[in-house]
Amino acid sequence: MSVETMARLAKHKNIIGVKDATANLVRPLHTRRACGDDFCQLSGEDHTAISFNSAVGSAASVSPRMSRRGCAATCRPPGLKEG
């Protein structure tokens, strides 16, 4: 999916983020610029997750099951309660 398409979809009230498994470390920066800081980005590639997180500041790898709560808290839009 193109960044432009994500930017259009990011305006939909039921879409809060994307899992990006492209391993393209420039893409999260373009996505953040196009979709805004509140659009959640999850890394779908474990080997690039740390660099991905560094690029966007609030992403999380989707693989570690133990960190599900941390991931949810990191990517929860402001004002949205857990549950």
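Residues: numbered from 1 along the sequence shown. These values consider heavy atoms only, across backbone and side chains, with no hydrogens, waters or symmetry-generated copies.
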**Asked** Do the side chains of M1 and F39 join up, straight or via other hydrophobic residues, at under 4.5 Å, putting them in one cluster?
**Response** yes
The reported gap from CZ in R8 to SG in C35 (rounded to nearest 0.5 angstrom) is 10.5 Å
Under 4.5 Å between side-chain heavy atoms, hopping through other hydrophobics if needed: is there a path connecting V18 to L9? yes
- Counting only N and O atoms by type, is there a donor-acceptor contact under 3.5 Å from the side chain of T31 to the main-chain atoms of R27? yes
When rounded to the nearest 0.5 Å, the distance separating NZ of K11 from CE of M6 is 14.0 Å
dist C40:SG -> K19:NZ (nearest 0.5 Å) comes out at 12.5 Å
The side chain to side chain donor-acceptor pair (under 3.5 Å) partners of S51 (sequence neighbours excluded) come to none
Rounded to the nearest 0.5 angstrom, the CD-CD1 distance for Q41 and I16 is 12.5 Å
